[in-house]
Student: 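Sharing a structure with you now.
Whatever order the structure lists them in is the order used to number ligands and atoms, beginning at 1. Just so you know, residue 1 is the first one in the sequence shown, and it goes up from there.
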Amino acid sequence: MSKLSEKLYERAKPLWDKESENEFVAAMAEGTLEEEKYRAYMLQDYFYLIDYIDILEWMHGQAEDNEVAEFLKNAADSTRYEKDTVHIPNMKKLGITDDEISVAGKAPDSEEYLNYMMGKARESLVYGITALLQCSWSYAYIAKKVSDRYGDKLKSSPYSEWFSAYTSDEYQEANQRWIDILDRVVQDISSAEEEKLCMIFEKCAHYETRFWNIFISVKP
Ligand SMILES: Cc1ncc(C[n+]2csc(CCO)c2C)c(N)n1
């Protein structure tokens, strides 16, 4: 019997492969992405991370298994740390002001994605772990695939740090811990439940593509 994570991977891989060729992602790799589009992405990703941390904290409050609870707490703390030490300084560098943050709202496609994940987490902890793993794993996969494809050419892109952050050993290892936790907590589930988890994972991968596409039409 293959692990759940292997099944999730098979289901999401075609979508992640397409995502790695998405116009926004390719333009980041080639260094041709207009700064306005990146700025809009950073702002929406900031809102996304805030909700993502909320979902992790909510799930932490529900967890009965000590290892799962500790993992969720660490994930919430490290995502908050990343938001504060990487995201916010980057937003400042891009000239995003506090006023701009306070008037901007979540893009509808992002809001729908976040509501979906929160809804799944409220239905069951394992649904939430599956949905949030897709976020982490898709970035780990896409950053690695695009970095391998572009190789040294990536270094000349002003967005190369985006790729190095998500291909770093630290990020890839944290993602692997998430995969291992999920595989452990689903050891005794039925095949019907497994199929539900695959569908949640696949749906989140679709939402992830929609998230990139939000910024394609942003004009300077
Ligand atoms: C739209 C969107 N999807 C996925 C991620 C990836 N991600 C989600 S939380 C987190 C921090 C620690 O796991 C990372 C890297 C993102 N940033 N934005």
Student: Counting heavy atoms only, name the option from Y81, Y139, Y166 that's nearest to atom 15 (C) of ligand 1.
Tutor: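 Answer by nearest heavy atom: Y166.
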
Student: Using 0.5 Å steps for rounding, measure from the CD1 atom of I214 to the CG atom of D45.
Tutor: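 These two atoms lie 9.5 Å from each other.
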
Student: Return the CD1 to NZ distance between I55 and K120, rounded to the nearest 0.5 Å.
Tutor: 13.0 Å

Student: Step through it carefully: locate the ring centre of W162, locate the ring centre of Y139, and say whether they are under 6.0 Å apart.
Tutor: yes

Student: Which ligand 1 atoms does F211 reach within 4.0 Å, using its non-hydrogen atoms?
Tutor: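 Result: 1 (C).
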
Student: Starting at CD1 of I142, measure out to CH2 of W137 and round the result to the nearest 0.5 Å.
Tutor: 12.5 Å

Student: Below 4.0 angstrom from a heavy atom of E82, which ligand 1 atoms are there? Numbered from 1 as shown, please.
Tutor: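 Within the 4.0 Å cut-off of E82, ligand 1 contributes 11 (C).
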
Student: With a 6.0 Å cut-off on the ring centroids, do W212 and Y38 count as close?
Tutor: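 Here the rings of Y38 and W212 have centres that are no less than 6.0 Å from each other.
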
Student: To which protein heavy atom is atom 12 (C) of ligand 1 closest, and what is the distance rounded to 0.1 Å?
Tutor: T79 OG1, 3.4 Å

Student: Distance alone, cut at 3.5 Å: any donor-acceptor contact between the side chains of Y166 and Q172?
Tutor: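 Their side chains do not contain a donor-acceptor pair, so the 3.5 Å distance test is not met.
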
Student: Does the ring center of F163 lie less than 6.0 Å from the ring center of Y150?
Tutor: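 F163 vs Y150: aromatic centres not under 6.0 Å.
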
Student: Is it the case that ligand 1 has an N or O less than 3.5 angstrom from some N or O of D45?
Tutor: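 It does: an N or O of D45 is found under 3.5 Å from an N or O of ligand 1.
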
Student: Can you check whether E208 has an N/O within less than 3.5 Å of an N/O in ligand 1?
Tutor: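 It does: an N or O of E208 is found under 3.5 Å from an N or O of ligand 1.
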
Student: Can you tell me which portion of L49 lies within the under-4.0 Å heavy-atom range of ligand 1? Options are side chain, backbone, both, or neither.
Tutor: side chain

Student: Applying a strict 4.0 Å limit to heavy atoms, is Y113 in contact with ligand 1?
Tutor: no

Student: When you look for heavy atoms under 4.0 Å from ligand 1, do you find them on the side chain of C135, its backbone, both, or neither?
Tutor: both

Student: Just to be sure I read this right, does ligand 1 sit under 4.0 Å from the backbone of Y171, its side chain, both, or neither, counting only heavy atoms?
Tutor: side chain

